[in-house]
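What follows is a set of notes on a single structure, which appears directly below.
Keep in mind that what you see is a predicted model, and the values were worked out from it rather than measured. Counting starts at 1 for both ligands and their atoms, in listed order. FYI, the numbering just counts along the sequence from 1.
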Amino acid sequence: MYFVANWKMFGDLRTLNSLDKVIKFSKTNKKNKFRIIYCPPSTLIRPLSKRLKKTKIEVGAQNCHHSYDFGANTGQVNSRMLKSVGAKYVIIGHSENRQLGEDDKLINLKIKSAIKSKLKVIFCIGETLGEKRKKRTNKVLAKQIYNGLKSVKNTSNIIIAYEPVWSIGTGIIPKANDLLNSISYIKSKFRKKTPKVLYGGSVNNKNIDQLKDINIIDGFLIGGASQSSKKFIDIIKKTFN
Ligand code: PEP
């Protein structure tokens, strides 16, 4: 089971001290039942990966530029740079970035660049509320998968995060049956090797009780609640209770 913490644009060097509790907790993971990945802002990737060196906790980035080559792109960071400072994963296609104008074509280029840099990709897909109401969820998911992974031959380094846009940061989670249907549908789109599929959207230490028994889910992408080490640990503990 994957537990991915997406810190979004929160955190500075002092915040890293709060992870001591999670580091201690991660040592109880003797049988590798779970995998913890922290995706902090880019500024914290290096210090965090140094701090986590002797632990099993891994580090990821939250986005990357689409160009594998270095270039005149002020303010941007590419996949090679992220890899060089210790990132092993990168989130691509998050709805907060899609809302800023990232389209499927750009996401596809980013995914290919990340794979070239040997990063594992946490590829976010999900429908908006309007699309859900029009019963277009499966169509949207199929299109995002098809376009995002166009000419990506080897999907073994792709993890899908199903994140309905209407559930991110709203406190609302999908009904168990809807989640089951969407995740089964996503898995059915892959004939050769089925990727891990995570759920993300308002997961917290209370609603995890409703989510943990949907055994088709391979883990969770956790935003807001991951900023509290206590809540994050609670989510992991409750998943296995
Ligand atoms: C996210 O941003 O990926 C996310 C799931 O956020 P939250 O848990 O805060 O809804």
Could you tell me whether Thr170 and ligand 1 have an N or O pair separated by under 3.5 Å?
no
Can an N or O of Gly224 be found at a distance shorter than 3.5 Å from an N or O of ligand 1?
yes
Atom 10 (O) of ligand 1: which of Gly169, Ser95, Gly223 has the nearest heavy atom?
Gly169
Kindly identify the option in Ala5, Ala161, Ser202 whose heavy atom sits closest to atom 7 (P) of ligand 1.
Ser202
Give the other cluster members for Leu221, using side-chain heavy-atom distances under 4.5 Å between Ile, Leu, Val, Met, Phe, Trp and Tyr residues; answer none if it is isolated.
Tyr2, Val4, Ile37, Tyr89, Ile91, Ile122, Ile159, Leu198
Determine whether the side chain, the backbone, both or neither of Ile168 has a heavy atom under 4.0 Å from any heavy atom of ligand 1.
both
Suppose I only count heavy atoms of Asn6 and a 4.0 Å limit; which atoms of ligand 1 are within that range?
1 (C), 2 (O), 3 (O)
For Gly201, take its heavy atoms, then give the atoms of ligand 1 lying under 4.0 Å from any of them.
5 (C), 10 (O)
More than 12 heavy atoms of other residues, nucleotides or ligands under 6.0 Å from NZ of Lys212: yes or no?
yes
Side-chain donor-acceptor contact under 3.5 Å, Lys56 with Asn32:
yes
Measure the distance from [atom] to every protein heavy atom, then report the residue, atom name and distance (to 0.1 Å) of the closest one.
atom                   : value
atom 2 (O) of ligand 1 : Lys8 NZ, 2.6 Å
atom 5 (C) of ligand 1 : Glu163 OE2, 3.1 Å
atom 1 (C) of ligand 1 : His94 NE2, 3.2 Å

Charged N to carboxylate O under 4.0 angstrom, [X] versus [Y]?
X      : Y      : result
Asp12  : Arg14  : yes
Lys139 : Glu131 : no
Arg98  : Asp104 : yes

Checking Lys230 against Asp234 for the salt bridge (charged side-chain N to carboxylate O under 4.0 Å, His left out) test, could you report, in this order, the C-alpha distance in whole Å, the side-chain angles of both residues, the deciding distance, and whether it holds?
CA-CA 6 Å; Lys230 188 193 169 307; Asp234 256 18; 3.4 Å; yes
Tell me, please, whether Phe3 has Arg35 positioned over its six-membered ring: NZ or CZ under 6.0 Å from the ring centre and within 45 degrees of its axis?
no
Please confirm whether Ala225 approaches ligand 1 to less than 4.0 Å, judged on its heavy atoms.
no
